[in-house]
Each structure stands twice: as structure tokens, then as C-alpha cells.
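Written below as C-alpha cells is the structure these notes are about.
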Amino acid sequence: MRVRSCVTEHIQEQNEEVVLNAQEAAEEIHRLEQQRRENREGVRALGFNPYGFRADGLKTLAQAHEAYDEGADNANKESTQAHKQAKRDNPDLPDADLPQIVDTRPVVRVAGRVVLSRDNGKLVWLNLRDHTNDSFQIAISKRDCDENGFALAKLLDNGDIVIAQGPLTKTKTGEVTCWASSLEPASKCLVPPPEKRLGLQDPDMRYRQRYVDMWSNPDTTRTLMLRSKLMSAMRRYLERHEFVEVETPVLQTQAGGAAARPFFTHMNALHLDLSLRIAPELYLKRLLVGGMPRVFEVSRNFRNEGLDKSHNPEFTSLEVYQAFGNYETMMDLTEGLIRELAQIAAGEQGISASAMPFGDLLIDYERAFDKVTYAELFEKVLGFSMGDMDKVRAACEARGFKTKSEDGTPIADIFLVNELFEEVAEPTIDPARPTFVLDYPASLSPLTRPKPGTEQDPVPLADRWDLFIGGMEIGPAYTELNDPDIQAQKFREQLSGVDDEESTFRSFDEDFVNALKVGMPPAGGLGLGMDRIVMLLGNQRTIRDVLPFPMMRPLGGVGNSSEESDAE
RNA sequence: GGGGGAGUAGCUCAACGGUAGAGCAACGGCCUUUUAAGCCGCAGGUUCAGGGUUCGAAUCCCUGCUCCCCUACCA
């Protein structure tokens, strides 16, 4: 009871606050909004509801444009001319005896947002926009449109949504136009819109008010719709390959499957501290143990790390696991998937998948992806074998890379090898050619099966590849480790090998090891960064441009953190 | 984390120590084939916020807020 009354009080306080804010806001209505409110009243005075009703039988603006019938339009124009000419020649004849006007022009009903308007007095031109067409012209003439519709046209503001109906014709400059017989309001835009040609430019405003960005910059909507189409095509592709989509927990008692700092939250009912998932991997593998042979999850992952043009704190990965597959199975699957998505994206944009623009690059998704092993690429670029530790250490020192940690202990050889690889070898991969880099050092891949026969090599390898496109890492795939003893040992190594700061977010998942004890079939596993794939195929430079609502710092300063960051 | 840049009318931008302007949008008027329509008229500002220097600050200095770029970190 006590809790309830507290809650009630709290809600009351909140409500009072809302009322106060609303009053303050009401006093501060901008003059431009006020004018729009007055126009809205004018629309009401005509007998319309400015917020409209259900409308059936609407065509998209693109469909309407398609429906234009040249023959019918010409027949109408010619017969109208003949009628007028005859009337001039025989002013006394009744209309019934004059040549009749033929009108078989298709009539369409369309809806859209007003992006331009030109008022010529007795003829008003509107250009409407929807998701299929940036600018479709409507003419509302005093002669041909119903009286209320014509009066409405005079009261419209840019940004309003309207429904127009009428026959399709071409103007004398050749533009397909709906010559309205009626016009109705569908919704009012009370907020003054951005500049009509340039759209909303300020990137901050574009992300914060995506709903304005989307209609004022149609490319934004196109990119977000491309994202949907690619996600849908990805599901179709995987289902065609007999994968089933599953959903695994986002709230986890220990976030695993990747090395990343998680977000934390608390569950009241069980008095549990929980973290949001950083990867779905360990749960998907449990499903393989249970007997699902081919699974995938479109996983929203949360990582409490920095933001930049390829990192958002929540992002979408595709993870795929195939029992009795390996990392080569995953390579074929991935290449096929990405090529198919590229073809779909290319089709949307009317270009070829063999030359898709990404910044200054033209990326070819049609030809077979390049393949190179980690060791080959290392040796080709560095000029010596990655097993030659003296040269590795010397090369690192020559380049000024750290070879000792803060307390003076030498950094493990394999991290030096990887430092050289990432800093020197990786950048030489041709960004215009999708490239698989195969066979990573085993110590860098704790959840991966060691490559048979390399255990005694200077650098033991693992069945792992990474795919690089456009200079970005798109995702890795593995032959999954299914030996519970090796897995347990890798967990232990990871825990002991990291400093205190990092150990807070690496954990030994005993239940996962138990699952492997029950027996997981050999399997291939794959993780793809879907946001980055949409960036590549939609030619967008930043991850923010492929997310409808990217993470933004709240306006107004201090933020809402109840305490100072505890993890710095 | 480090360095650089930006914030001015609803929007896009000028003005860089001396009366805050333009284009678009808006508002009033004219106009039945316009295409960023046109013509005439009229209005619109806490120059991000707060402090300082100065006779005088959008402009120079300091602090804060927000964004952008580079860099660093990052399975």
C-alpha cells in the first residue's frame, strides 16, 4: 500500500509538471506555428476535419505516375479543342449538338505531404511527396475542383498531408499531373518545415528529429527502407538454406560471447543484477546442443563503449550457426548472402552489383571474393614469417609499438604479431574487393576450434576467418569449439590473462561449459554486422545514417545520470 | 582521452570591434498551365547560455552546453 501511495504521489507530481510545461509551452507558441494553427481553424471552418479519416483506394504517387494514359489524355485534349472550336463557330447551337468531349483519362486518388505550392489565383499547383515519389504535381483549379477543395488549397501550408483525386493529364511542359476534382486534408503540419530545396541540413537535428529529416530529405527514407528490404532478404536467404530464426535472452546474468563492456541493469523481482547482451553466441550454441541444426538470430547487441562513425552502443548483428558445418561452410553461405543483398540493393538503386559506390570506391560484389590467409598476408606485407619472433619484436620496436605493458612485463608475442597485422598488413587489403582473411592465430580466438596440425607450430592457428569490405571489418566466422575441456581452459586463460579493469566484464560461464559437456555437434558459426552491411550497400558513411534513431546525447546539459561514471 | 572547427530569423547562410542582413518559408495584395512560378508590399532576432574586456561585442577573452572533423580507445 505504501508503495502504491508513493507511486501515486509521484504520478501526481509528474502530471503537475506536465501541466505546467504545457502551459509554459502554450505561452511560447511561435508566431509561425500560430499562423498554421489559424490556417487549421480555417480548414475546420470549411467543414473539414484537418486530421482526416481513413482513405481507401489510394495509389502511391509512383503508381499514379505510372497510371498516366497518353492516348486517353490526347483524346480528351483533342475532343475538348474540337468542342470549343465548334462552339465558337456555332455559338447558337445547343451543347448536345456540338462534338462531345471524350474523357477516358484514368482517375487516381493519392495522398502525400505538400512540399511545394504555387498559387496562381484561380489555379493552385501543389507538389506532393510520399515514399515512392519525391515530387508529384497536383493542379487545383477553381473551374474543375470542388469548391471546398479549392478553398482548402488556399489554406494549405508546406508540410501538410492531403488527399487529392482527379484525372491524370500532362501539362504543356509535359509533366504528369493529377488535375484534382477534389482535395481533402489528411493531417496538419504545425511546425514550420525546413528550407524547401535544401531540406534539413543540420546533422544534429536530422538525427534528433528523424521524422522531419525523413520527409524533407527523401534519401533518408530510402536508406531506412533499403535497410528493411535487406533485412527481409537476409531472412529469406537463410530460410531458403533451412535456417530457423530464434530469439535468445537480452537480459543475462553474465554477458558473454564477446569481449566488451556491457550495460548493467537490475531486476527487482529476483533481486538480480543483470547485463544486456553483448552477443547471442553462447545461447545459440546451447540450441545446437539441444538439437536445432541450423539457427540464426538477428541480435540487437549492447556495448558500453565509445561512439564513432562505425559504432553505436546498440547495434544489430546477424549470428548464424550450422551443425556439422565449419568455417568454410560459413564462407560459402556468407559470400552468397552478401552477393544476393548487393544485387537487391543494386536493383533498388538502378546500378550494377559489380560496381557499387561506397565513398570514393566502386566495390565489386559479383566476382568471387578474395581469400588470403592471415600468415600469407602477414609475410607478404611484413617480409618475414609471423613465427619469427625476433623479427616480430624488432619490427614492433622499429615502429614504436609498445612491447611492454605499464608495469614493465613484456607483452605476449602473439599480441605483437596481431598489432603488426592490424596496423600494417590489414590496411593493405584492397577495400574495393571483399576479402576473406583466413586462419587467425588460435590465441586470438578463444571460442574457436584450433586448426588441426598446427598445435606445435610457433603460432598455432584456429579455424576462423574475418571478412573485410570497404576498409571495414564486416564479421568473423569460426569452426566452433565444442570440446568442453578446452573451452573451460580458454575461459580460465582469458580470466587470468587480463588486467583488473577488464576482468569485470569477462566471466567463466559454467552452464555453457556444461552444455558442451552434454555434447555440441561440430558446427560453423558466423557473425555479421548488419549495420555495416547496410552502410556499404546503401553508400552511407556513418552508422548513424543507417539507424532510424541513433544514440544522441540528450539536450540540456548534465544528462540524467544518477551518479558519476563508475568505470573510468 | 587529445587536437581542431561550428552554433546568428522557422530553414540555409552573410556580417569578424562601430546601426545584425540576404535567399527561401511566413503574412497582405494581383494572377487559370506553374516547375525553386512571377510581380508589389509587409513583418520577423535574448546572435546557444552565463560571465569578462571595451566608449561600444554576433565579433575578443573565460566557463558551460550541443554538434561536426581528425586522433586515441574498442571482437
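In what follows, chains carry the letters A, B, and so on, assigned in the order in which the sequence lines appear, proteins first and then strands, with residues in each chain numbered from 1.
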I need the [atom1]-[atom2] distance between [X] and [N], as an integer number of Å.
X      : N     : atom1 : atom2 : result
A/L200 : B/G10 : CG    : P     : 14 Å
A/E33  : B/A25 : CD    : C1'   : 15 Å
A/L126 : B/U34 : CG    : C1'   : 11 Å
A/D160 : B/A25 : CG    : C1'   : 13 Å
A/F468 : B/A75 : CZ    : P     : 13 Å
A/I140 : B/U34 : CD1   : P     : 16 Å
A/R553 : B/C65 : CZ    : P     : 8 Å
A/I278 : B/A75 : CD1   : C1'   : 9 Å

Distance test, side-chain N/O of A/K122 to OP1/OP2 of B/U32, below 4.0 Å: yes

Establish, with yes or no, whether the OP1 or OP2 oxygen of B/C27 is under 4.0 angstrom from a side-chain nitrogen or oxygen of A/N39. yes

What's the closest nucleotide to the [X] side chain, out of [options]?
X      : options             : result
A/L116 : B/A36, B/A25, B/U12 : B/A36
A/R208 : B/U34, B/C67, B/C27 : B/C67
A/P203 : B/U32, B/C67, B/U34 : B/C67
A/S141 : B/A75, B/A25, B/U32 : B/U32
A/E305 : B/C74, B/U32, B/G10 : B/C74
A/R541 : B/C69, B/U34, B/G10 : B/C69
A/Q201 : B/U33, B/U34, B/U12 : B/U12

With a 4.0 Å cut-off on heavy atoms, is [X] in touch with a base, just the backbone sugar-phosphate, or nothing at all?
X      : result
A/K196 : sugar-phosphate
A/R464 : nothing
A/R36  : nothing
A/Q137 : base
A/L32  : base
A/L444 : base
A/D119 : base
A/Y478 : base
A/N304 : nothing

Interatomic distance at [atom1], [N] relative to [M], whole Å:
N     : M     : atom1 : answer
B/G2  : B/A9  : P     : 31 Å
B/G23 : B/A37 : P     : 16 Å
B/A25 : B/C39 : P     : 11 Å
B/A49 : B/C11 : C1'   : 22 Å
B/G17 : B/U66 : C1'   : 27 Å
B/U63 : B/C73 : C1'   : 28 Å
B/C16 : B/G29 : C1'   : 40 Å
B/U19 : B/U47 : C1'   : 15 Å

When only distance counts, do a donor and an acceptor, one from the side chain of [X] and one from the base of [N], lie under 3.5 Å apart?
X      : N     : value
A/Y440 : B/A75 : no
A/E175 : B/U34 : no
A/R118 : B/A37 : no
A/D157 : B/A25 : no

Whichever of A/N158 and A/K142 has the more 5' nearest nucleotide on RNA chain B, that residue is A/N158

Of A/D202 and A/R143, the one whose closest nucleotide on RNA chain B sits nearer the 5' end is A/D202

Is there a Watson-Crick or G-U wobble partner for [N] with both distances under 3.5 Å, and which nucleotide is it?
N     : result
B/U66 : B/A6
B/G38 : B/C30
B/G1  : B/U71

Taking all heavy atoms of A/S141 and all of A/F150, pick out the closest pair and write down the distance. C-CD1, 3.8 Å

Would you say A/S135 and A/N127 are linked by a side-chain donor-acceptor pair, where the criterion is simply a distance under 3.5 Å? yes

Are A/T479 and A/D463 linked by a side-chain donor-acceptor pair shorter than 3.5 Å? yes

What N/O pairs connect the protein and nucleotides 71-73 of chain B at under 3.5 Å? Give each pair on its own line.
| unit_1 | atom_1 | unit_2 | atom_2 | d |
| --- | --- | --- | --- | --- |
| B/C73 | N4 | A/D308 | OD2 | 3.3 |

Are any of the side-chain heavy atoms of A/F136 and A/V176 separated by less than 4.5 Å? yes

Non-hydrogen side-chain atoms of A/R118 and A/L123 separated by less than 4.5 Å: no

Would one find more than 12 heavy atoms of other residues, nucleotides or ligands at under 6.0 Å from atom CZ of A/F415? no

Are there more than 12 heavy atoms of other residues, nucleotides or ligands under 6.0 Å from atom CD of A/E147? no

Hey, is the main chain of A/S299 close enough, under 3.5 Å, to the side chain of A/E297 for a donor-acceptor pair? no

Give a yes or no on whether the backbone of A/L46 and the side-chain of A/N148 come within a donor-acceptor separation of less than 3.5 Å. yes

NZ or CZ of A/R464 within 45° of A/Y478 ring axis and under 6.0 Å: no

Test log, rule side chain to side chain contact (heavy atoms under 4.5 Å, CB included), inputs A/S187 and A/D160: CA-CA 6 Å; A/S187 195; A/D160 290 357; over 6 Å; no

